4 protein chains.
Amino acid sequence: MTDIAKQIGITKPAIYYHFESKEALFLAVVDNFLTKLESWTLSIIEADIAIKDMLQMLFGTLKDAKGSIAMLTGNNSGNALEFHTYVLMFEGIKLFPEVKERIDAFYTRFIHVLAEKIKDAQAQGEIRSDIHADAFAFQIMAAIEGALLMGILNTTTDIESMAQDMFENTWLGVAA
Amino acid sequence: MTDIAKQIGITKPAIYYHFESKEALFLAVVDNFLTKLESWTLSIIEADIAIKDMLQMLFGTLKDAKGSIAMLTGNNSGNALEFHTYVLMFEGIKLFPEVKERIDAFYTRFIHVLAEKIKDAQAQGEIRSDIHADAFAFQIMAAIEGALLMGILNTTTDIESMAQDMFENTWLGVAA
Amino acid sequence: MTDIAKQIGITKPAIYYHFESKEALFLAVVDNFLTKLESWTLSIIEADIAIKDMLQMLFGTLKDAKGSIAMLTGNNSGNALEFHTYVLMFEGIKLFPEVKERIDAFYTRFIHVLAEKIKDAQAQGEIRSDIHADAFAFQIMAAIEGALLMGILNTTTDIESMAQDMFENTWLGVAA
Amino acid sequence: MTDIAKQIGITKPAIYYHFESKEALFLAVVDNFLTKLESWTLSIIEADIAIKDMLQMLFGTLKDAKGSIAMLTGNNSGNALEFHTYVLMFEGIKLFPEVKERIDAFYTRFIHVLAEKIKDAQAQGEIRSDIHADAFAFQIMAAIEGALLMGILNTTTDIESMAQDMFENTWLGVAA
DNA sequence: CATGAATGAGATTTCATTCAT
DNA sequence: TATGAATGAAATCTCATTCAT
């Protein structure tokens, strides 16, 4: 709390005027982040575009992961930010069951919507019919989440440059 | 430290007899985990088996993620373990530059070895030659890491049951 | 720290609000003492008075050593004080190089100023010219410091009563 | 105790085999030092030599203060030793009334013996009769103690080179 | 005589929180 | 709204001493 007060240039009691406790402040931060994350993600996933373009967009987010996170957090103080976003989520889950449930629901919804899109595309003949649609939706989500995580854990590999190739590999494998 | 001492049935000073500080103890834990993780992972990735079998094995780890982590940590006290393994890694990275570097090197090596396997398979005619091999290796790693992460963040979806379908989708897409 | 907090009627954390650490608090105490000691001593040594009167004053400080220290420390809780002043200085030297340097400079300056006074007095014909001036300045300082120290180590001998005789012996020996 | 055990290359319990407690060990050290100091000092002060030669010898100890202390402590690990000898005495006084009394008696005896010598010398016509003998004995002791102390506190000034001049100043002043 | 591994008691320090103004 | 100065509770760490072998 001392550090936060110092950073924003007020005193500790002033923080307590606005927030009941450290946990309440923290929850407000997580809450704010999740709200933005949800609306941003849904704006992509519920867009009325062809499946190929949607996959392109999804893999495209990897090309500017830093920019996206800076937008979501309202902070672009650089490199450590993505890392701290993960820490934020993990701490949030540890402390608040409601955060855990919300993140859970977020993913479930994301995967569900994407799976429906894929099934439509299969009906439409755009995607091979022998692909397991639910697993594929999950797989896309996992590949993107995993790539973001590895962008933090494996700084030697440059993900941003791989995003396009990953998309092409994926599309090559599922296009009807 | 009080909790740890209580758990293992000794007094706090006894811990300090064996470890210089709380951080040193923590580093020893992370170190131990990483050492096991590295040797286990390399035993898979450097096995002399067909690429299809290797992919099958890699996705197979998702089927018993809990069991694998229990083995690596020597602890099978259940559900929260995978979650805490991530927290362990994140804290380790936050505190020790050496841990960050080690994890980075681990992934780089993993991806490199896998990419070579894939290129060999392409030369052998087992995998389509129009697949971007480096991106594909990265993609496999990311999909598995992402799936593990989502196993924690999205408990509603049952990954373990999806592992086989994910493998089939993947192989369908790349097999020559 | 517990004892100090109790003595001054606050809690330990309150001390830490004002001082970074136990050492910082200790340094502040030593610093305060040295600052007062320096200004008090220089007010004597740089006074514009005859050498004989100055020597008289210097030996005179021995007559009320306890009072002088009580003044410098702002504490007159009696007997153990002089002893603790030495402990303070020794601990200060042990812990902080800056304290060592400051005390060193203090003595060097004191001796230098006094030696100049003595040389002037020799030129003036007040002090015998065959006296080694630098050594005599040092000797005065040493005799006074030594007498103060012995006031602590040898409580059987009553220094205060000897101060006047010491001055007379000294003056007898050097007066022209 | 850990440091001491490490220094002398044994384990802590081994120290406790030889000494009841930390304080007992410390007292043994102080005791050993004081015993040597007493016999060494008395061998000088009770020597059957002319007063002038005795003063010469006393001031002479300043010329090799480091050597003398190394001899008394059985340690010649250099510079910090004199300093620690003072710390030893002060701690000893703080902890053990018997040490305080012993040091007190040591000085009292020293001064008494020296004062008698001086009175004899006055009767003999070697020293001016208008010198206050008791104060002079004390003064010699104080000058030497003070010079030793300043050798530690004021390292800028080189005492060893001043020893001879101090003696000459002193003798000049008291010789009949 | 000696040791590796402890321990009880307490020292220093931290930190979320609050009081008085 | 805001602050300087605290505080209760607990965390990390130290250290003289001892136990079991």
Side-chain angles (χ1 to χ4, degrees), chain A residues 1-30 91-92 94-96, chain B residues 1-30 87 91 94-96, chain C residues 1-29 87 91 94-96, chain D residues 1-30 87 91-92 94-96:
Chain A
M1 297 300 272
T2 303
D3 288 351
I4 291 170
K6 208 169 281 169
Q7 275 285 325
I8 59 182
I10 59 167
T11 58
K12 268 183 288 179
I15 296 179
Y16 280 91
Y17 181 80
H18 296 285
F19 296 94
E20 274 256 304
S21 64
K22 189 178 86 153
E23 296 212 336
L25 166 58
F26 180 67
L27 183 54
V29 171
V30 174
E91 287 296 313
K94 215 196 290 179
L95 292 170
F96 309 106
Chain B
M1 297 301 271
T2 303
D3 289 351
I4 291 170
K6 209 167 281 170
Q7 276 285 326
I8 59 182
I10 57 167
T11 58
K12 267 181 287 178
I15 298 179
Y16 281 91
Y17 179 75
H18 296 284
F19 297 93
E20 279 247 307
S21 63
K22 190 178 78 155
E23 294 212 338
L25 166 58
F26 179 68
L27 181 55
V29 171
V30 174
V87 172
E91 286 296 313
K94 216 195 291 178
L95 291 171
F96 310 105
Chain C
M1 298 300 272
T2 303
D3 289 351
I4 291 170
K6 208 166 282 169
Q7 275 285 325
I8 59 182
I10 57 168
T11 58
K12 269 181 285 179
I15 298 178
Y16 280 90
Y17 180 76
H18 296 283
F19 297 93
E20 278 247 308
S21 63
K22 190 179 77 153
E23 294 213 338
L25 166 58
F26 180 66
L27 182 54
V29 171
V87 172
E91 287 295 313
K94 217 195 290 180
L95 291 171
F96 310 105
Chain D
M1 295 300 274
T2 303
D3 287 351
I4 291 170
K6 208 168 280 167
Q7 276 284 326
I8 59 182
I10 59 167
T11 58
K12 267 184 288 180
I15 296 178
Y16 280 90
Y17 181 80
H18 296 285
F19 296 94
E20 274 256 305
S21 65
K22 190 178 86 153
E23 296 213 335
L25 166 58
F26 179 68
L27 183 54
V29 171
V30 173
V87 173
E91 287 296 312
K94 215 196 289 179
L95 292 169
F96 310 105

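Reminder, nothing fancy here: chain letters follow the sequence lines and each chain counts from 1. Values in this document were obtained by computation on a predicted structure and should not be read as measured data.
Every residue two or more places apart in sequence or in another chain was checked for a salt bridge (charged side-chain N to carboxylate O under 4.0 Å, His left out) with A/K6, and none qualifies.
With values rounded to the nearest 0.5 angstrom, B/L95 atom CG is found 5.0 Å from B/E23 atom CD. In this structure, CD1 in C/I15 is found 5.0 Å from CD1 in C/I8, a value given to the nearest 0.5 Å. Atom CE in B/M1 sits 9.0 Å away from atom NZ in B/K12 (nearest 0.5 Å).
With F/dG4, E/dT7, E/dG4 as the choices, the nucleotide that has an atom nearest any side-chain atom of B/A14 turns out to be E/dT7. Which of F/dA5, F/dG8, F/dT3 sits closest to the side chain of A/T11 comes down to F/dT3.
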B/S/- contact track for nucleotides 12-19 of chain E, protein heavy atom under 4.0 Å: BBBBSBB-

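When the P atom of F/dT1 is taken as reference, atom CD1 of A/I15 falls 15 Å away, rounded to whole Å. Taking atom NZ of residue B/K6 and atom C1' of nucleotide F/dA11, one finds them 13 Å apart after rounding to whole Å. Across the protein-nucleic acid pair, D/F19 atom CZ and F/dA16 atom P stand 15 Å apart, rounded to whole Å.
Overall, the helix from E/dA2-F/dT21 to E/dT21-F/dA2 carries an axis bend of 30° between its ends, with five pairs at each end and the value rounded to 10°.
Residues A/V30 and A/F96 are not in side-chain contact: their nearest non-hydrogen atoms beyond the backbone lie 4.5 Å or more apart. Looking at heavy atoms from C-beta onward, C/I4 lies in side-chain contact with C/L25 at the 4.5 angstrom threshold.
Residue B/Y16 comes nearest to B/K22 through the heavy atom pair OH-N, 4.2 Å, listed as atom of the first residue, atom of the second, then distance. Across all non-hydrogen atoms, the minimal contact from D/F19 to D/A28 is CE2-CB, 3.7 Å.
Using P as the reference atom, E/dC1 and F/dA20 are 23 Å apart when rounded to the nearest Å.
Phosphate proximity of E/dA2 to D/Y17: absent, as no side-chain N or O sits under 4.0 Å from OP1 or OP2. An OP1 or OP2 oxygen of E/dA6 is reached within less than 4.0 angstrom by a side-chain nitrogen or oxygen of B/H18.
Taking for each of C/I10 and B/D3 the nucleotide of DNA chain F with the nearest heavy atom, the 5'-most of the two is the partner of C/I10.
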